Visitor: 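One structure follows; several queries about it will come next.
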Amino acid sequence: MSQRRKFIKQSLAGSALFLPGTASALSAFESKKSPNGERPLILSTWNHGVPANAAAWAKLQETNSILDAVEAGVRDTELDMDNLSVGLQGLPDREGITTLDASIMTGDGACGSVAFVRQIKHPISLARAVMEKTPHVMLAGEGARQFAIAQGFPLEEEKLSPKAQIEYDKWKVTSQYKPIINIENHDTIGMIGIDSKGKLAGSCTTSGLAYKMHGRVGDSPIIGAGLYVDDEVGAATATGLGETIIRICGSFLIVELMRQGRSPQEACEEAVRRLVKKSKNIQDIQAGFLAVNKDGETGAYAVHPGFNFAKATASGNVLIDSKSHF
Ligand code: ASP
């Protein structure tokens with residue numbers, strides 16, 4: 001059994017008991033169960049979602065803010081040197097430059113994102129700064145970098161991580177430009193969370209498709225494609241070949257399907273069906289979606305087997321294999 005498929009369980013419930021705080025501070029952890037769901041709850045893509053969820057959960061305990069939680073969770077992944085698809089250690093574009101995309105959103109419609117940004121260790125925090133400190137939703141490229149400098153974000157040296165350098169050197173032997181994502185090997189992290197009171201937030205961060213054209217932007221920073229959150233309905237996030245997800249406005253589509261009465265699982269399945277219908281060479285393309293509705297009921301679905309996700313509730317933090325279309 002692969003590491004990715006291994007069932008991982010961490011006790012999150014126990015740690016809440018040691019939290020100092022007032023009754024209202026602890027209320028974010030009054031776990032609420034309904035026949036269909038549970039709150040609070042955090043969902044995130046892939047096996048790195050397990051430590052990311054743990055970081056998010058700890059932050060939710062600390063600040064009672066689901067926005068703080070989804071930011072802190074994916075910041076953990078942005079620092080993971082073993083991860084070649086998130087953060088500055090991610091695989092570069094075909095010019096050998098690592099560029100990052102990220103977005104963040106809360107259920108009241110506030111959102112921010114950065115695209116094609118260089119030298120910033122935590123693009124998710126830069127996306128949050130766009131959301132909170134500018135009148136805009138999205139900053140890209142040099143403008144995003146300038147904004148980061150103005151906000152006091154340190155600029156990192158522009159140098160590939162040792163692992164990324166090895167992979168890039170191998171790729172350069174053929175320099176074959178193939179915008180196809182390995183079925184089991186995307187590492188973008190998308191995270192969606194709901195607190196005990198039903199407030200939602202989400203985050204998504206990536207170095208994008210390996211060896212992409214310089215300037216390519218994927219779904220992750222596009223509000224409605226890689227991430228969408230609405231307190232009236234629920235939230236969704238995506239991973240996989242961004243071009244296919246953008247074409248169907250994947251995350252927005254899932255939230256709208258839930259608004260019309262579909263369950264999170266039905267909504268994810270319908271989004272994958274549409275994506276499959278509109279994509280050529282579907283045998284080589286992977287994409288996966290996660291969704292949660294207001295009750296804390298969840299859904300997950302992918303084009304191919306291999307997609308997994310981490311789910312954290314008061315009873316634990318588990319890695320689950322998603323169902324798939326094929
Ligand atoms: N969705 C990301 C992108 O297309 C890639 C991924 O999830 O691996 O940029």
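Just so it is clear, the structure is predicted and the values come from calculations on it, not from any experiment. All ligand and atom numbering here is 1-based and tracks the order in the structure.
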Visitor: How far apart are the closest heavy atoms of Asp108 and Ala110, and which atoms are they?
Guide: OD1-N, 3.1 Å
Visitor: Provide the number and element of each atom of ligand 1 under 4.0 Å from a heavy atom of Asp219.
Guide: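 Answer, ordered by atom number: 1 (N), 2 (C), 3 (C), 4 (O).
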Visitor: With respect to Ile104, which candidate in Val114, Leu126, Val229, Ile124 satisfies the side chain to side chain contact (heavy atoms under 4.5 Å, CB included) definition?
Guide: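 For Ile104, the side chain to side chain contact (heavy atoms under 4.5 Å, CB included) test succeeds with only one of Val114, Leu126, Val229, Ile124, which is Ile124.
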Visitor: Need the ligand 1 atom indices (1-based, order shown) with element for anything under 4.0 Å from a heavy-atom of Thr239.
Guide: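 Near Thr239, the atoms of ligand 1 are 6 (C), 7 (O).
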Visitor: Non-hydrogen atoms of Arg216 versus ligand 1: any pair closer than 4.0 Å?
Guide: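 Within the 4.0 Å threshold, so yes.
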Visitor: I need the atoms of ligand 1 closer than 4.0 Å to a non-hydrogen atom of Leu209, numbered in the order shown.
Guide: 9 (O)
Visitor: Charged N to carboxylate O under 4.0 angstrom, Arg216 versus Glu243?
Guide: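 Result for this pair is yes, salt bridge flagged.
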Visitor: Specify the closest pair of heavy atoms between Ala300 and Leu290, including all atoms of both residues, with the distance to one decimal.
Guide: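 Nearest pair, atom of Ala300 first, then Leu290: CB-CD2, 3.6 Å.
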Visitor: Does Gly240 have a non-hydrogen atom less than 4.0 Å from ligand 1?
Guide: yes
Visitor: What heavy-atom pair brings Ile194 and Lys294 nearest, and what distance separates the two atoms?
Guide: CD1-O, 3.3 Å
Visitor: Taking all non-hydrogen atoms of both residues into account, name the closest pair between Cys268 and Ala291 and its distance.
Guide: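 Here Cys268 and Ala291 meet closest at SG-CB, 3.6 Å.
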Visitor: Are any of the N/O atoms on Ile245, whether in the backbone or the side chain, positioned under 3.5 angstrom from an N/O atom of ligand 1?
Guide: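 Ile245 vs ligand 1: no N/O contact under 3.5 Å.
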Visitor: Within a distance under 4.0 Å of any heavy atom of Gly208, pick out the atoms of ligand 1 and give their elements.
Guide: 9 (O)
